[in-house]
Amino acid sequence: MIQWVDRAFRNTFFLRAILLITSVGLLSFFAVLERIDAVIYDQISTIQHYSPDDDIVIVAIDEESIKTLGRWPWSRSVHAELIKRLESIGNPAVAFDLIFSEPQDNNPDADHSLASAIASHGRVILPVVPVDDKNRDYVYLVEPLPIYRQHAQLGHVDIELDSDGIARRVFLTAGIEEPEWPAFALVLAASTHQYTINSMNSFSDDNVKFWGRWVRSHEVLIPYVGKTGSFQQVSYAQVLLDDRVLVSLRNKFILVGMTATGIGTRFATPVSPLNRQPMSGVEWHANVLSMLLHNRAILPISHYLISLISVAWVLAILFLFSIFSRNITMPLLLVLIGCGLCAIWIVLRFLHIWFPPGAALVGTIAIYPLLNWQRINEYMRSLFVAKAGSNAALESVGDGVITTDAHNHIIYMNKGAERILGVALEQAQGVSLLKLMKLSKIHDSVIFNELIDSEIPLPISGIDTIQCYLKTSSGEKRAVRITRRMLRDEHEALMGFLFALADITDTIELTKQVAYQASYDTLTNLPNRALLLTRFKEMTSLPEKYGKIIAVFFVSLDNFKKINDALGHRAGDELIRMVSQRLNSIISNTNFLARWGGDEFVLLFSDLHDKDRASQRAQETLDLIEHQFLLHGQEVFVTVSIGISFFSKDGNDNEVVLERASTAMHRIKNEGGNSFGFYSMESSVAWTRDRLKLEKELRIALNSGHLQVLYQPIVDVYQQNIVRMEALVRWPHPTRGYLSPSEFIPLAESIGLMEQLGKEVLKIACLAAHKLIQVGKPIHVSVNVHPHQLLHGNFLPALSRVLTETGLPATSLILEITESAVVSDMARASVILQQIKTLGALIALDDFGTGYSSLTLLRELPIDILKIDKSFIRALDQNINDLTITQAIIGLGVNLGLMIVAEGVESDRQARILLENHCYLQQGYFFSRPVPYESILQLVNEADLSNLASIKQLCAIVNLK
């Protein structure tokens with residue numbers, strides 16, 4: 001039977017040849033392989049690179065120009081000025097890839113200015129653009145205003161994109177109903193008199209159709225000069241402002257267009273892969289212009305001629321091999337294909353003609369099975385015999401066996417695999433094994449990788465084995481051992497995979513049961529202490545999954561012993577189980593609950609990042625446990641004590657954080673229980689010793705004058721000089737390093753040293769300000785006043801004494817207060833501040849805008865200065881809300897006659913925005929960090945402010961000087 005089939009196919013050779021030739025003709029005529037032809041053209045056309053024309057220059061509307069000339073669109077008077085400057089150097093022609101189809105409503109004179117410049121130049125080229133009407137089957141024409149058309153030359157900018165979205169061709173003429181408009185670049189090329197375009201300068205509204213069917217003609221393919229950015233580009237602003245750049249454009253072809261990011265249209269071209277950049281429209285026109293100037297236009301041939309050449313190509317090869325040999329080899333065919341591609345490149349390079357070879361190449365490859373049918377048939381027969389034998393052997397194997405191709409698509413599986421997967425071979429054949437095998441991880445399996453969409457969870461090697469769960473089509477979950485072997489051909493190329501599946505459900509379940517008992521509490525079925533420590537370590541090592549802050553709740557039943565004594569240990573065990581169930585009800589997937597031991601539980605929360613949320617959850621836990629329990633018919637009420645700590649706020653070691661939560665829990669239990677509390681250093685004996693030591697060191701430093709007062713300048717940016725300075729205290733600790741106020745002020749508050757500390761800082765600051773007055777630099781000094789110092793101390797006499805001892809005039813002193821210093825006793829604060837004002841000192845309200853009674857303070861208190869809090873300045877140039885609030889504070893202060901100081905200025909952008917909004921007094925790292933007295937003296941002594949060069953730079957930017 002097989003021999004009869006062979007003889008029949010040999011006798012039908014000519015019939016198969018005719019079928020091949022017909023297919024090639026149809027494929028080429030109807031451009032079925034257009035995508036293949038496009039890829040071949042892109043590769044061949046980019047082999048030859050041309051040198052960019054020195055005579056073609058792109059005047060780019062780029063980011064630099066927009067930054068210099070302002071936001072786009074610009075006034076048309078700017079374009080008029082550009083044309084006048086080009087005219088002044090005898091520019092032969094300039095093409096604007098810009099559409100001036102609408103009048104400039106905000107400046108009609110600009111339109112007339114541009115029209116006058118176009119008329120004066122005489123060789124300005126403007127685009128006309130066809131636009132599809134979405135509601136009709138025709139296009140309409142968008143063209144420049146009549147005052148521009150009257151003296152400009154017009155050309156169409158219709159850019160044809162192929163089906164793959166790449167711009168390979170251009171139509172040199174196109175128009176409504178008839179091709180009457182020359183291409184944009186063609187009009188520019190004609191300015192050299194190398195081209196003649198009929199009626200190029202005489203388009204009138206009477207002759208031109210403005211809607212209808214868009215007709216194209218004179219199609220050519222574009223040989224691109226090179227990758228995007230090959231042509232010389234100069235910035236629009238440079239041409240407008242730099243005479244040297246302008247002179248360099250003499251006798252050049254000028255194209256003006258958009259290159260700024262996000263503005264203008266960009267296209268993919270055959271050369272885009274060279275630097276992965278699309279091409280701007282103006283550069284595309286530059287490539288067309290270069291093509292026209294050098295006569296490099298590539299002519300496509302008609303479909304009829306393509307079909308004829310493709311058929312002749314295949315016929316010639318088929319004829320040669322039918323005469324000399326019927327056993328053609330694939331390498332020889334590949335050589336012929338390579339020769340054909342070389343011939344196509346030569347024709348493209350030297351004759352500028354493009355022949356799409358896709359159909360001819362496919363036909364050439366099809367010659368191989370046509371002439372080697374007998375050999376292929378014999379191979380298929382031997383393959384069938386081998387497959388039948390291997391299938392018989394595989395069916396006798398008890399385990400599952402699956403073969404796939406290199407992309408894991410199922411080719412074959414035996415009965416054992418059908419039984420394990422629950423799917424017949426007919427249903428699975430050709431299906432991706434990834435979709436068919438729904439795998440999940442076996443607990444504690446260290447060799448299983450997470451399954452992803454593109455691969456089986458096995459490393460790439462010769463033979464690999466994993467153990468995992470497999471969900472069958474019936475929903476049953478089975479544990480399996482999967483072994484994979486790679487199948488390679490004689491050249492070691494990967495052909496596919498062989499998978500062996502063994503059902504190990506019974507073994508895995510036994511192993512899992514043993515592992516479960518080692519990790520879970522037998523009474524509550526909750527994770528035990530060992531598993532808790534493991535999971536805690538996992539949560540802290542994967543902050544991107546669980547969060548950077550982990551809240552630890554250490555929960556213990558209050559007076560649990562009374563339950564065991566009154567109702568017995570069995571009832572106590574039942575109560576523990578019931579409590580664990582209630583605690584488990586508040587745990588989400590990303591949190592964790594474990595039994596620590598006895599009547600103690602530990603909860604780990606990854607979604608409680610602050611004390612407020614933790615307090616809310618802790619109160620919910622207390623309320624949940626307070627509800628009655630029913631034990632053997634007896635109503636029982638219990639409470640719990642909860643200690644809370646945070647990783648890593650309370651420590652970076654897991655066990656330390658757990659111990660600190662336990663410490664907080666025991667403190668709550670000792671205070672009566674039925675409550676919760678946070679770990680604090682006061683609850684730790686070790687920290688108490690440390691606190692006592694730090695307190696002693698602070699007293700010694702204060703009494704010995706070891707605290708350091710630094711000064712941060714407050715700059716009048718408009719005047720470019722330092723007008724004030726703020727005194728800031730620091731503690732250079734001998735072992736702990738440089739301590740900021742936030743690290744020792746709370747300690748000073750708690751041990752009653754704030755009044756002494758404030759008085760010392762005030763005295764040192766006043767001495768420094770007096771020294772500056774003596775050297776002829778009267779700089780006001782600003783000193784922070786602590787609430788306790790202001791309201792609860794003998795502040796006024798102390799202030800008068802310091803001013804007398806230091807000799808500093810009160811008018812040179814500014815006292816800074818915060819809202820928290822006065823809101824508790826507004827009446828007393830108002831009296832004290834009025835007395836301070838009587839002395840002559842100024843009052844500044846620090847951190848304005850962050851409190852809840854700011855406007856009341858402005859109304860009730862004698863405030864002279866508002867200091868805008870740095871939290872609003874930090875994102876001033878990024879957050880519109882911060883900018884709006886800052887503007888409101890400045891406006892409020894100005895209307896109330898108050899001075900405004902902005903704190904925390906860290907960049908020239910922030911300083912410039914504040915300056916533009918009339919906030920002249922500024923303070924922050926942008927100008928200077930807090931420095932010792934010697935450094936502040938050096939700053940104010942330098943007349944040229946060389947140490948504050950950034951201020952000069954800022955003022956130069958805003959043109960204040």
Checklist entry - Under 3.5 Å, side chain of E180 to main-chain N/O of A174, donor-acceptor pair present? => result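 Looks like no, no N/O pair under 3.5 Å.
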
Item to check | Expected output: side-chain H156 to main-chain F171 donor-acceptor under 3.5 Å | outcome: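 Yes, H156 side chain to F171 backbone: donor-acceptor pair under 3.5 Å.
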
Item to check | Any V288 side-chain heavy atom under 4.5 Å of F184 side chain | outcome: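 With C-beta onward as the side chain, the pair stays apart.
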
Item to check | Check: V717 and F927 side chains under 4.5 Å, non-hydrogen atoms | outcome: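 Yes; the side chains approach each other to less than 4.5 Å.
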
Looking only at side-chain N and O atoms, does [Y] offer a donor or acceptor that is under 3.5 Å from a partner on [X]?
X	Y	answer
N881	T884	no
S113	S77	no
H79	Y236	yes
Q277	S272	no
N917	Q887	yes

Checklist entry - Are Y138 and W214 near enough that their ring centres are under 6.0 Å apart? => result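 For Y138 and W214, the ring centres are not under 6.0 Å apart.
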
Next on the checklist: Salt bridge check, D877 against R912: does any charged N sit closer than 4.0 Å to a carboxylate O?
Outcome noted: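 Salt bridge: no.
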
Item to check | R296 charged N/C atom sitting above Y50 aromatic ring, 6.0 Å / 45° | outcome: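 Yes; both conditions hold, so R296 lies above the ring face of Y50.
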
Item to check | Set of side chain to side chain donor-acceptor pair (under 3.5 Å) partners for R349, sequence neighbours left out | outcome: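 Counting only residues at least two positions away or on another chain, R349 forms a side chain to side chain donor-acceptor pair (under 3.5 Å) with Q48.
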
Next on the checklist: So, applying side chain to side chain contact (heavy atoms under 4.5 Å, CB included) with I61, which one of T259, D97, L98 is it?
Outcome noted: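 Only one of T259, D97, L98 forms a side chain to side chain contact (heavy atoms under 4.5 Å, CB included) with I61, namely L98.
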
Checklist entry - Excluding sequence neighbours, so at least two apart, what forms ring-ring contact (aromatic ring centres under 6.0 Å, His included) with F29? => result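 Counting only residues at least two positions away or on another chain, F29 forms a ring-ring contact (aromatic ring centres under 6.0 Å, His included) with Y304.
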
Next on the checklist: Could you report the tightest heavy-atom contact between C919 and I890, atom names first, then the distance?
Outcome noted: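 Result for this residue pair: CB-CD1, 3.7 Å.
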
Next on the checklist: The test is side chain to side chain donor-acceptor pair (under 3.5 Å); show your working for Y148 and D111 and say whether it passes.
Outcome noted: CA-CA 9 Å; Y148 302 149; D111 282 330; 2.6 Å; yes

Next on the checklist: I need the full list of side chain to side chain donor-acceptor pair (under 3.5 Å) pairs touching residues 215-227, with sequence neighbours left out, sorted by first then second residue.
Outcome noted: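 Sorted result for residues 215-227: D158-R216, E160-R216, R169-E219, T173-S217, T173-H218, Y224-W284.
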
